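From a predicted model like this one, the values you see are computed outputs, not experimental measurements.
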Amino acid sequence: QVQLVESGGGLVQAGGSLRLSCAASGRSFSTRAMGWFRQAPGKEREFVGAISSSGGSTAYADSVKGRFTISRDNVKSTVYLQMNSLKPEDTAVYYCAARIFALVSTTPNDYHSWGQGTQVTVSS
């Protein structure tokens, strides 16, 4: 099991940027693919981005492609989500998640550990 703690959320104006961090504790961070998901009020949790255990492979939702970048530092056991050109529709609680396996997945059920989430609010 791995414990995940997100940080970096907040209130930002449309067009602004935020960087989310997810610090992991526990075993084998460097062998796990990591993902970011988000959930807006009244909506289902949706995939945002994912990165393989080595960092060599990434995947993004179409809605964030070209604006968001996921990265990781296996020495620091931390995964990041750089969010640029933010839009009001990006407003949501953002969750970090870890897989047991090394390869990326866009499916929430493929992730076995979840953080508590961090709120991102984008004002127009």
Side-chain angles (χ1 to χ4, degrees):
Q1 191 76 352
V2 61
Q3 290 75 47
L4 304 172
V5 178
E6 302 97 335
S7 62
L11 174 64
V12 64
Q13 289 188 332
S17 298
L18 282 175
R19 187 175 84 152
L20 304 184
S21 299
C22 173
S25 60
R27 302 181 62 180
S28 305
F29 174 81
S30 62
T31 67
R32 301 173 180 269
M34 300 294 294
W36 286 97
F37 293 79
R38 67 187 182 187
Q39 188 165 18
K43 295 188 176 181
E44 292 187 354
R45 191 168 297 189
E46 66 172 358
F47 170 74
V48 175
I51 188 166
S52 63
S53 61
S54 67
S57 177
T58 56
Y60 297 95
D62 288 344
S63 59
V64 307
K65 204 170 291 183
R67 299 188 297 123
F68 291 11
T69 303
I70 189 170
S71 61
R72 66 189 296 159
D73 184 333
N74 284 346
V75 174
K76 295 182 178 180
S77 297
T78 302
V79 63
Y80 305 97
L81 184 68
Q82 177 67 44
M83 305 186 294
N84 298 328
S85 302
L86 283 160
K87 304 175 181 181
E89 51 263 44
D90 294 318
T91 295
V93 177
Y94 283 71
Y95 297 91
C96 172
R99 298 197 71 197
I100 292 176
F101 305 110
L103 299 180
V104 300
S105 171
T106 64
T107 306
N109 286 345
D110 286 344
Y111 289 79
H112 304 87
S113 299
W114 292 82
Q116 293 300 306
T118 185
Q119 176 71 47
V120 171
T121 303
V122 184
S123 63
S124 57

Check: Does anything in residues 46-94 pair up under disulfide (SG to SG under 2.5 Å), and if so which pairs, sequence neighbours excluded?
Finding: none
Check: Taking only residues at least two apart or on different chains, which pairs with a member in residues 7-80 satisfy disulfide (SG to SG under 2.5 Å)?
Finding: C22-C96
Among Ile, Leu, Val, Met, Phe, Trp and Tyr joined by side-chain contacts under 4.5 Å, find the other residues sharing a cluster with [X] and list them by chain and number.
X	result
V93	F37, F47, Y95, Y111, W114
F101	I100
L103	none

Next item on the list: Could you note down all residue pairs passing ring pair (Phe, Tyr, Trp, His ring centres under 6.0 Å) where residues 55-76 supplies at least one of them, sequence neighbours left out?
Entry: none
Next item on the list: Give a yes or no on whether L18 and L81 share a hydrophobic cluster (residues Ile, Leu, Val, Met, Phe, Trp, Tyr; joining criterion: side-chain heavy atoms under 4.5 Å apart).
Entry: yes
Note to self: With a 4.5 Å cut-off on side-chain heavy-atom distances among I, L, V, M, F, W and Y, is there a chain of contacts connecting M83 to L4?
What the structure shows: yes
Smallest separation among heavy atoms of [X] and [Y], with atom names:
X	Y	result
V64	V48	CG2-O, 3.5 Å
S85	D90	O-OD2, 4.5 Å
Q1	Q3	CG-NE2, 3.8 Å
V122	K87	CB-O, 3.3 Å
F29	V79	CZ-N, 4.2 Å
L20	G9	CD2-N, 3.6 Å

Could you give the distance from [atom1] ([X]) to [atom2] ([Y]), rounded to the nearest 0.5 Å?
X	Y	atom1	atom2	value
Y80	T69	OH	OG1	14.0 Å
R67	S17	CZ	OG	10.0 Å
S53	M34	OG	CE	11.0 Å
S54	N74	OG	CG	8.0 Å
Q119	T91	CD	OG1	7.0 Å

Run the side chain to side chain donor-acceptor pair (under 3.5 Å) test against [X] and tell me which residues pass, sequence neighbours left out.
X	value
D110	S105
E89	none
R19	none
K65	D62

Notebook entry, point to check: For R72, what residues pass the salt bridge (charged side-chain N to carboxylate O under 4.0 Å, His left out) criterion, not counting sequence neighbours?
Noted result: none
Note to self: So, applying salt bridge (charged side-chain N to carboxylate O under 4.0 Å, His left out) with R38, which one of E46, E6, E44 is it?
What the structure shows: E46
Next item on the list: May I have all residue pairs that pass salt bridge (charged side-chain N to carboxylate O under 4.0 Å, His left out) and include part of residues 115-124, sequence neighbours excluded?
Entry: none
